[in-house]
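Single-structure report; data block below.
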There are 2 protein chains.
Amino acid sequence: MPDRKARRLSRERVVEAGLDLINQKSVDAVTMRSLAQALGVTPMALYNHFGGKRDLLRAIAEHVIGRVEFDAGHPDWQGQIRHCFRTLRTICLEHPGLPRLLEIEGAAPPSVFTPMEVAAAALERAGLNELDSLRTFYVLVGFTLSQASYQTFRVGPRVELAAPWDFDASFEYGLELIITGVEATAARKGR
Amino acid sequence: MPDRKARRLSRERVVEAGLDLINQKSVDAVTMRSLAQALGVTPMALYNHFGGKRDLLRAIAEHVIGRVEFDAGHPDWQGQIRHCFRTLRTICLEHPGLPRLLEIEGAAPPSVFTPMEVAAAALERAGLNELDSLRTFYVLVGFTLSQASYQTFRVGPRVELAAPWDFDASFEYGLELIITGVEATAARKGR
DNA sequence: ACCTGAACACCGTTCAAGT
DNA sequence: ACCTGAACACCGTTCAAGT
């Protein structure tokens with residue numbers, strides 16, 4: 001039973017209703033019509049606050065990312081990187097379909113690049129130049145989002161394993177693998 | 001001007017028409033209706049050969065992946081890994097939207113896991129156990145698909161750089177970073 | 001076995017009209 | 001400035017009918 005009180009519409013209210021829909025169903029469940037119904041309003045009313053569905057989805061993505069603190073002020077760059085991408089993964093798992101929102105729909109723009117600044121700064125502390133830091137950021141963000149997608153859609157390997165696939169352990173392994181790669185790359189350059 | 005000859009329909013003909021549509025427009029352009037029109041047939045005719053759109057998209061993905069040789073018989077595992085994921089990236093760039101097909105739609109199933117076997121074998125040669133090889137495979141495949149997606153949608157960093165973003169160099173850098181990470185991880189375990 | 005035609009229950013979005 | 005109602009041009013899919 002959504003709140004149908006015909007209060008005034010606002011970007012904020014629409015975004016929150018959209019987020020509820022994503023959390024309880026999926027990102028595909030967010031249609032202009034279903035969203036309007038949840039708000040007790042006509043689909044066309046949404047167009048007074050958003051340019052279109054693209055704009056709306058982008059606003060939802062920004063809302064989610066904007067609420068999070070990616071910078072934990074860790075003294076070592078490895079800790080900073082771990083915190084940053086564990087956090088990104090966590091919010092992706094909380095909101096199924098968010099990776100798709102961030103990766104594809106063109107909804108990504110400014111928001112995904114909040115973690116970029118903190119991650120890039122940490123990587124430069126590791127000894128990478130600006131360009132290589134950005135490249136490494138893309139490795140990390142692509143890895144994190146795809147792992148979250150696989151987990152959401154329960155895509156595990158098609159081979160028979162002794163134990164069920166452990167998505168948490170798989171993520172941590174990959175994260176350490178990349179960090180190790182950065183360390184080795186930086187050491188190689190440094191000498 | 002598509003070939004409208006009312007030849008007999010077949011899975012093969014439908015898949016190839018679908019692939020043409022992906023290549024010339026995008027994966028969103030593949031609708032049951034547009035595909036039927038391109039084949040000079042009624043949308044419902046497709047349902048005699050496919051269970052539904054999901055099944056159809058999956059068949060297209062399998063067709064693309066199945067035609068490719070991921071195993072180049074390189075003597076060293078690094079060369080094998082490079083070949084495998086450069087190849088995966090190449091076919092993703094040739095068919096815009098293929099990453100989305102492979103990552104999300106549930107179209108992925110058996111086909112994406114052809115490169116898995118050859119990559120996992122190479123990684124075990126590098127000194128990883130079976131579980132860690134699979135985990136590393138997921139790092140590589142997530143990285144490769146996301147990089148191809150970013151390139152297709154021209155998502156580069158939002159900061160001002162001296163030169164335009166070089167997607168090829170960025171991919172190669174990430175690939176070497178991960179390989180370096182594998183080497184360091186294996187060396188650490190080995191001792 | 002294979003294909004058609006009409007219909008159903010959806011989409012995002014435009015446009016003219018109301019207040 | 002904000003919202004409604006009707007309409008347009010799309011979707012995937014079901015179902016009954018043809019051959």
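Here the structure is a predicted model, which is why all the values come from computation and not from measurement. Values reported hereafter were calculated over all heavy atoms of this structure, with side chains retained and with hydrogens, waters and symmetry mates removed. Chain letters run A, B, ... following the sequence lines, proteins first, then strands; residues in each count from 1.
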In this structure, how many angstroms lie between the P atom of dC3(D) and the CG atom of Leu46(A), rounded? 9 Å
Would you say the rings of Tyr138(B) and Phe143(A) are close, in the sense that their centroids are separated by under 6.0 Å? no
With respect to the phosphate group of dC3(C), does any side-chain polar atom (N or O) of His49(B) fall under 4.0 Å of OP1 or OP2? yes
Taken in chain and number order and not counting sequence neighbours, the residues that satisfy salt bridge (charged side-chain N to carboxylate O under 4.0 Å, His left out) with Asp20(B) are none
So which pairs with a foot in residues 63-74 of chain A pass side-chain hydrogen bond (donor to acceptor under 3.5 Å, both in side chains), sequence neighbours left out? His63(A)-Arg67(A), Asp71(A)-Gln80(A)
Anything under 3.5 Å between a donor and an acceptor, one on a side chain of residues 115-127 of chain A, the other on a protein residue two or more places apart or in another chain? List them.
residue, atom, partner, partner atom, Å
Arg125(A), NH1, Pro75(A), O, 2.7

Measure CD/Gln37(A) against C1'/dG5(D) and give the value in whole Å, please. 16 Å
Contacts of type side-chain hydrogen bond (donor to acceptor under 3.5 Å, both in side chains), residue Glu94(B), not counting sequence neighbours: none
If the condition is side-chain hydrogen bond (donor to acceptor under 3.5 Å, both in side chains), which residues does Glu172(B) pass it with, not counting sequence neighbours? Arg86(B)
Quick one: side-chain hydrogen bond (donor to acceptor under 3.5 Å, both in side chains) partners of Arg82(B), sequence neighbours excluded? Glu176(B)
How would you list, by chain and number, every residue that makes a side-chain hydrogen bond (donor to acceptor under 3.5 Å, both in side chains) with Thr90(B), sequence neighbours excluded? none
Can you measure Arg13(B) atom CZ to dC2(C) atom P for me and round it to whole angstrom units? 14 Å
What one-letter contact string describes nucleotides 12-19 of chain D from 5' to 3', where B marks a base within less than 4.0 Å of any protein heavy atom, S marks contact via sugar-phosphate atoms alone, and - marks no contact? BBBB----
In whole Å, what is the span from the CG atom of Asn48(B) to the P atom of dC2(C)? 7 Å
Could you tell me how far apart Asp28(B) (CG) and dC11(C) (P) are, to the nearest whole angstrom? 17 Å
Check DNA chain D for consecutive Watson-Crick or G-U pairs with both distances under 3.5 Å and list the runs of at least three as stems. C:4-8 with D:12-16, C:12-16 with D:4-8
